[in-house]
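Contents: one structure, followed by commentary.
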Amino acid sequence: MTKAAVFGTGSWGTTFAMILAHAGTRTTLWGRRADVVEAIDRRHENPDYLPGVELPSTLRATTDPAEALDGADFVVLAVPSQTLRANLAVWKPDLPSGAVLVSLMKGIELGTAKRMSEVIREVAEVPPERVAVVSGPNLAGEIVRGQPAATVVACPDEKAMERLQAACHLPSFRAYTNPDVVGVELGGAVKNVIALAVGVATGMGMGDNVAATLMTRGLAEISRLGAALGADPHTFAGLAGMGDLVATCTSPLSRNRTFGENLGRGMTLAEVVAATKQTAEGVKSCESVLELARKHDVEMPITEVVVAVVHDGMPPGEAAMLLMSRTPKPERYG
């Protein structure tokens, strides 16, 4: 039987562990907090992140990383992206030889502008073939209630990719495969930044025309950055690109959209952070996404104004005017 260790008991980590367990994969969740781990292991519930959702009785939980990792075929990493490097360095000695390391994280590392798969390869000292990425329109609040969803599994090793696809396949959860790790990761990371922008506009009372414009031009920014990094352009027309972007920008379940919406309503950054229980990856990653874009001479105006609003204190109204007053350039496609 395939075995998986999932590191991170947040909403998406717990949900993906639930998917694996329902699909017949022997799954153990690792968590730092003993109270959450005990609730998952004994009461089959994650009261902090998925209250009222019954988890599979076969899903185990532990605070001991070595116990979770013992014999694992897949090591699924679902911690906040900016904590990955430090955490993985601690877990590295116990990583099973030959295990595929799977990233559920949608962020770009601050300071290095590296994608999560790059951080995993560097810290764990494993080849690209042992690193996979899962990304797509995967709102945990819908999936845990049995609503249909689809995702993308990306890995340069076809056999590993297909094994992971099988390990998380359910009638209500369909995984597609794509060898384009770069494109799948960029789609997942940058869409959070665009969702912040859509949320700010929504909070300011702007309409659907603005939201549609931000999403469409946001997809253009993602595609330009992807082209500079060698991604397959077709990836951004699929689930890991447009699909994830639409879900994250439009759903009230989206942490990044909600975070931006609160900023647009006039709350300060400190107030929004205090009111946000879960990580909104785009808040920190917007800076590293912009750094990555500048390294490759890619123009990303929406990302620039998101950084200005979130981190430099620019009023949302001024940011909107800045975007709309940019000098037009010849563009055949909108």
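Between the side chains of N192 and S285, no donor-acceptor pair is found at a separation under 3.5 Å. A donor and an acceptor atom, one from each side chain of Q165 and T177, are nowhere located under 3.5 Å apart.
Side-chain contact check for F236 versus D244: every heavy-atom pair is 4.5 Å or farther apart. Side-chain contact between V100 and L164: absent, with no pair of heavy atoms (C-beta onward) separated by less than 4.5 Å. Within the 4.5 Å cutoff, side-chain heavy atoms of H311 are placed close to those of C286. The side-chain heavy atoms of L77 and M116, taken from C-beta on, include no pair separated by under 4.5 Å. Side chains of L88 and V119 form no contact here, defined as non-hydrogen atoms less than 4.5 Å apart. Residues L229 and H296 meet the side-chain proximity criterion, which asks for heavy atoms closer than 4.5 Å.
No more than 12 heavy atoms of other residues, nucleotides or ligands lie within 6.0 Å of CD in E158, so this atom counts as exposed by the packing criterion. Residue D312 qualifies as enclosed at atom CG: its count of foreign heavy atoms under 6.0 Å is above 12. For D35, the CG atom counts as densely surrounded, since its 6.0 Å shell holds more than 12 non-hydrogen atoms of other residues, nucleotides or ligands.
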*Quick one: do V193 and M300 satisfy side chain to side chain contact (heavy atoms under 4.5 Å, CB included)? Show the steps, please.*
CA-CA 11 Å; V193 181; M300 300 185 72; over 6 Å; no
*Quick one: do V6 and F74 satisfy side chain to side chain contact (heavy atoms under 4.5 Å, CB included)? Show the steps, please.*
CA-CA 8 Å; V6 180; F74 295 106; over 6 Å; no
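Side-chain atoms of Q82 come within 3.5 Å of backbone N or O of L110 as a donor-acceptor pair. Counting only distance, with no hydrogens or angles, the side chain of E318 and the backbone of P315 share no donor-acceptor pair below 3.5 Å. Panel note: side chain N256, backbone A195; no donor-acceptor pair is recorded below 3.5 Å.
The nearest pair of heavy atoms linking A175 to C168 is CB-SG, 4.0 Å. Pairing each heavy atom of M206 with each of A320, the nearest pair is CE-CB, 3.7 Å.
Electrostatic pairing of D73 and K3 does not count as a salt bridge here, judged by no charged N lying under 4.0 Å from a carboxylate O. Under 4.0 Å is where a charged nitrogen must lie from a carboxylate oxygen, and between E221 and R217 no such pair does.
Note on ring orientation: taking the six-membered ring where Trp is involved, the planes of W91 and W30 are perpendicular (angle over 60°, cut-offs 30° and 60°).
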Compile the donor-acceptor pairs under 3.5 Å between side chains in residues 47-55 and protein atoms, sequence neighbours left out, one pair per line.
residue	atom	partner	partner atom	Å
D48	OD2	R33	NH1	2.7
D48	OD2	R33	NH2	2.8

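The distance from atom CE of M105 to atom CG of L84, rounded to the nearest 0.5 Å, is 4.0 Å.
When the side chains of ILVMFWY residues are joined at heavy-atom separations under 4.5 Å, either directly or via intervening members, V133 and L239 end up in a single hydrophobic cluster.
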